[in-house]
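What follows is a single structure, written as structure tokens, with notes after it.
Since this is a predicted model, take the numbers as computed values, not measurements.
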Amino acid sequence: MKALHGFAGFALRRTLGAVVTLLAISVIVYVVFYAAPGDVAQITCGPRCSPAQVHQVAEQLRLDDPLYVRYLHFLQGVVAGHDYSTGTSVEHCSAPCLGLSYQSDQQVTQLILAKLPVTGSLALGAMVLWLLLGVGTGVLAAWRRGRLDERILTGITLAGWATPVFVIGLLLMVLICGQLQLLPFPQYVPFTEDPEQWAWNLLLPWLSLALIEAAKYARLTRSAMLETLAEDHVRTFRAYGVGERAIVGRHALRGAVGPLIALNANDLGSLFGGAVLTESLFGLPGIGRELVHAVNVVDLPVVVGLVVLTGFFVVLANAVADLLYAVADRRTVLS
Amino acid sequence: MASEGARASTETVLAPASGVRQFWRRLRVQRAALVAASVVALLVLLALAAPLLSAVEGQDPTTYHPDLVDSARGGVPVGTFGGLSADHWLGVEPQTGRDLFARLVYGARVSLGVALAATVVEVTVGLVMGIAAGYGNRWVDQALSRFTDVVVALPLMVMSLALLAIVPSGFPRPVLVAVVIGLIGWGSIAKIVRAQTLTLKQLDHVAAARLSGWSSWRIARRELLPALAAPVITYAALLFPVNISAEAALSFLGAGVKPPTPSWGQMLTSANVWYQAAPQYLLLPAGLLFVTVLALTVLGDGVRRALDPRAASRLSVGTGRKKEARA
């Protein structure tokens, strides 16, 4: 009962902390982008706007109000939604309202929701691959430690870790799609339309991301397992005649689960906010590519919305990881 | 004033001198780190000698050679292997005909220079924030630590991409890229510096310095900074290759260093279109990026092992360790 109370308290504290962090992120992002030097209305509207449009933007952004009032207005939109008058009609932008895009006149929230399945497909598929590759390599490396095959494996993972994703992606794409023509150049097909084509087209982006990420997981798994393997209770298991396979696979791996969850949540969180490079390289119409587009045309509401959303995913993922971690290891609750 | 400064500097150099020697000894025994260090030295040399090397070749990185590309075929370099010739050692860039060798060696300057500057920004901001948080009172610590947490949660790529878009284009681009990467990436250094400062604050000699009325500034400089050197150097060495990747990525996306200034990441932007006619236009910048980041990562790892006593002790019992795992 008391433990549960402790856990509930921990969960509450952690959630509150996440909300505060998120608010701080939104303040920083909002202030940085809207207090930037230059004519905000002109920047927001883009270089090709007519003076009338600029004026309308200035009105919608309430540029006469002080910055904090505008921020509160933005926050109000996120919590309660807004009504925008678009000249003749009134458009309702419901609850998590992040504003309107001045380039496409679309609601930022709608824009993001439309792109989310692409980024989600990319992130989740890559995650499955990097967990398989990374943890597998890590277990093998811990098991065969010090031998030649382990050293080669560790070298390969280090090389993977060190390479920027677009370099690996470019080389893979040119080699596999261009020279060998084993796969088509990736082109996003929605899962609901054709699951098989969806997977084939995403295979290369998944692989590129997984090759980069797997190294971190391999290193983490290896070091966590080695630490556990050196502990007394493992020696006891050995003395009792527990097989090496069971020790490595069952007991040593358990010690790596906590840190792995934390790392995975973190990576998944930041990927959901847009795998900017991977999506740009492979031309996948996801959140990351949307951001690049919004940045190029200086569509500030979209940029701010996307950066805040990315921060939201990171904070959410970290909070979830901490809670999972606390469920797995109750000692964290006490600290 | 001057003599005081001189005394302080000899003291700070003298105190960790044995540490420096020990560091070299521990770094030297790591074969991988040594190889990596030589590769890095070579790359630095390449970057420093860029004007000399391209002068020897007789080319420069910005002159267009429209006669060397076939505009009828979309700008494919004329001749075999992407325009390889005695005048252009590595061929020319598709479409513009700019000399590839000159662009690559000048690109090394941008790559290493921007990453170095970004690392310096990270270390400076991280040290100031970390020491202030660790040494300040509870409220200062709370405020700064929260702020650091928030900065750490900011997605590096997304944030720097967005920031680079709104800054007026008058700034010199490489400086801007370095500052943006640095201002987003200092969080990890600030965290480790804060933790170390909290521990150091408890130590007798720091407490004694405080009781004898030293100013916080003097304590930070004379007592804290020398002790913080090892962890900060470790983190800086690990951040350096990350910053190389970040610059390359931003330039690849068209938000970083812009033409005519050459950058490896920027060259890769359109390289996949030309890989059949000019494979070196893809393979050379990609390979250089790969080698640079890999060498710096291995070197950073070696520096970490040489500086971190825990890792070092694990290192020195390498043979015993093998036995224990096999037991």
Query raised in the report: What part of A:Leu171 is in contact with chain B, defined as an atom under 4.5 angstrom from a non-hydrogen atom: side chain, backbone, both or neither?
Result: side chain
Query - Leading residue by heavy atom contact count with chain B [cutoff under 4.5 Å; candidates A:Thr163, A:Leu170, A:Asn318] - result: A:Leu170
**Report entry** B:Asp141: partners by side-chain hydrogen bond (donor to acceptor under 3.5 Å, both in side chains), with sequence neighbours left out
**Finding:** B:Ser145, B:Arg194
Query - Segment of B:Leu289 engaging chain A (4.5 angstrom heavy-atom cut-off) - result: side chain
Query raised in the report: Taking atom types as modelled and ignoring hydrogens, do the side chains of B:Gln30 and B:Asp301 form a donor-acceptor contact shorter than 3.5 angstrom?
Result: no
Query raised in the report: Do A:Ser223 and A:Glu227 have side-chain N/O donor and acceptor atoms under 3.5 Å apart?
Result: no
Query raised in the report: Would you say the side chain of B:Leu239 lies within less than 4.5 Å of the side chain of B:Ser188, judging by non-hydrogen atoms?
Result: yes
Report summary line: Tightest non-hydrogen contact, residues B:Leu238 and B:Val242, listed as O-CG2, 3.6 Å
**Report entry** Heavy-atom pairs under 4.5 Å with chain B, option from A:Val303, A:Ile25, A:Val20, A:Val234 with the top count
**Finding:** A:Ile25
**Report entry** B:Leu161, part contacting chain A, at a heavy-atom distance under 4.5 Å
**Finding:** both
Query raised in the report: OH of B:Tyr235: more than 12 outside heavy atoms within 6.0 angstrom?
Result: no
**Report entry** B:Phe240 versus B:Leu112, closest heavy-atom pair with distance
**Finding:** CZ-O, 4.0 Å
**Report entry** A:Val307 versus chain B, the contacting section by heavy-atom distance below 4.5 Å
**Finding:** both
Report task. Please report the shortest heavy-atom distance between B:Gln266 and B:Val257, naming the atom on each side. Result -> NE2-O, 2.8 Å
Requested in this report: Please flag which part of A:Ser280 lies under 4.5 Å from any non-hydrogen atom of chain B: side chain, backbone, both or neither.
Outcome: side chain
Query raised in the report: Relative to chain B, which segment of A:Val174 carries a heavy atom at a distance below 4.5 Å: side chain, backbone, both, or neither?
Result: both
Query raised in the report: So which part of A:Ile28 gets closer than 4.5 Å to some heavy atom of chain B, the side chain, the backbone, both or neither?
Result: side chain
Query - Contact class of B:Ile244 relative to chain A, heavy atoms under 4.5 angstrom - result: neither
Query raised in the report: Quick one: of B:Ala255, B:Ala162, B:Ala32, B:Ala286, who has the most non-hydrogen atom pairs under 4.5 Å with chain A?
Result: B:Ala162
